[in-house]
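Below is one structure, written out as structure tokens; the observations come after it.
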Amino acid sequence: MKVTQSFRFEAAHRLPFVKDTHPCRRVHGHSYRVELQLEGPVDPETGFVVDFFDIEAAFGPLLKRLDHYYLNEVEGLENPTAENIAAWIWDRVKDALPQLTAVRVYETPECWAEYNGA
Ligand SMILES: Nc1nc2c(c(=O)[nH]1)N=C([C@H](O)[C@H](O)COP(=O)(O)OP(=O)(O)OP(=O)(O)O)CN2
Ligand SMILES: [Zn+2]
């Protein structure tokens with residue numbers, strides 16, 4: 001069984017390694033959406049794969065490091081593409097959520113990156 005919890009954060013960024021003419025080289029912002037997907041058996045007592053409260057508790061401190069920040073200044077996010085943000089989140093939340101199977105980071109409803117540890 002799979003469960004997914006989504007979160008939102010607002011942040012500014014720029015992409016330092018795109019061409020001078022690329023609009024994303026300039027500072028701009030996104031209303032990011034993050035989805036954490038977890039997979040495992042349903043506990044017969046609780047009926048949960050993982051308690052959503054536990055997912056929120058694990059991700060909350062990371063969310064605080066992203067929300068309303070300039071992502072390029074966050075350690076490890078000097079090149080804050082959706083791909084790199086997804087891997088950054090995975091690396092920092094996986095130990096607390098061993099059943100994690102995917103991190104999705106949406107820059108817009110149409111554009112996202114998904115990371116599953118590889
Ligand atoms: N593979 C990736 N490509 C791009 C990324 C990325 O993270 N991974 N990021 C960007 C920029 O962040 C850019 O801001 C994204 O632009 P876009 O998706 O077009 O979003 P907009 O808000 O600018 O939407 P429009 O409706 O097109 O104005 C670029 N590429
Ligand atoms: Zn952008």
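Each ligand, and each atom within it, is numbered from 1 in the order the structure gives. Any value given below was found using the heavy atoms of this structure, including those in side chains, with hydrogens, waters and symmetry copies removed.
Ranking the protein heavy atoms by distance from atom 14 (O) of ligand 1 puts H28 NE2, 2.8 Å first. In this structure, the protein non-hydrogen atom closest to atom 6 (C) of ligand 1 is E83 OE1, 3.6 Å. With hydrogens left out, the protein atom closest to atom 5 (C) of ligand 1 is E107 OE1, 4.0 Å, a heavy atom. Here the heavy atom of the protein found nearest to atom 23 (O) of ligand 1 is H30 CE1, 5.0 Å. For atom 13 (C) of ligand 1, the nearest protein heavy atom (residue, atom name, distance) is C24 SG, 2.6 Å.
Counting only distance, with no hydrogens or angles, the side chain of R25 and the backbone of V18 share a donor-acceptor pair below 3.5 Å. Between the side chain of T101 and the main chain of Q37, a donor-acceptor pair closer than 3.5 Å is present. Proximity of a side-chain donor or acceptor of E83 to a complementary backbone N or O of T81 within less than 3.5 Å is not detected. A donor-acceptor pair under 3.5 Å links the side-chain atoms of N84 to the main chain of N79, judged by distance alone.
The nearest pair of heavy atoms linking P80 to L15 is O-CD2, 3.7 Å. Across every non-hydrogen atom of K94 and L100, the tightest pair is NZ-O, 3.0 Å.
When I89, L63, L62 are each tested for a side chain to side chain contact (heavy atoms under 4.5 Å, CB included) with F7, only one passes: L63.
Between F59 and K64, every side-chain heavy-atom pair lies at or beyond the 4.5 Å cut-off.
Note on H13: its N/O/S atom closest to the Zn ion (ligand 2) is NE2.
Note: H28 and H13 have perpendicular aromatic rings, judged against thresholds of 30 and 60 degrees for the angle between ring planes.
Numbered from 1 in the order shown, with element, the atoms of ligand 1 that lie under 4.0 Å from a heavy atom of T81 read 7 (O). Each of the atoms 18 (O) of ligand 1 lies under 4.0 Å from some heavy atom of C111. Contact atoms of ligand 1 toward A82: 6 (C), 7 (O) (distance under 4.0 Å to a heavy atom of the residue). The T108 neighbourhood of ligand 1 comprises atoms 18 (O), 20 (O), 22 (O), with distances under 4.0 Å to a heavy atom of that residue. Close approach of ligand 1 to H13 is summarised as follows: ligand atoms under 4.0 Å from at least one heavy atom of the residue are 12 (O).
Contact annotation: for V18 versus ligand 1, there are no heavy atoms closer than 4.0 Å.
Using modelled atom types and a 3.5 Å distance limit, the side chains of S31 and E10 yield a donor-acceptor pair.
In this structure, NE2 of H28 and NE2 of H30 enclose an angle of 110° at the Zn ion (ligand 2), rounded to 10°.
Taking the six-membered ring where the residue is Trp, the centroids of Y106 and Y32 are separated by 6.0 Å or more.
In this structure, E110 does not count as a contact residue of ligand 1, since none of its heavy atoms falls inside 4.0 Å of the ligand.
Checking atom 3 (N) of ligand 1 against the protein gives no heavy-atom contact under 4.0 Å. Closer than 4.0 Å to atom 10 (C) of ligand 1 lies at least one heavy atom of the protein. Protein heavy atoms are absent from the 4.0 Å sphere centred on atom 26 (O) of ligand 1. There is no protein heavy atom closer than 4.0 angstrom to atom 19 (O) of ligand 1.
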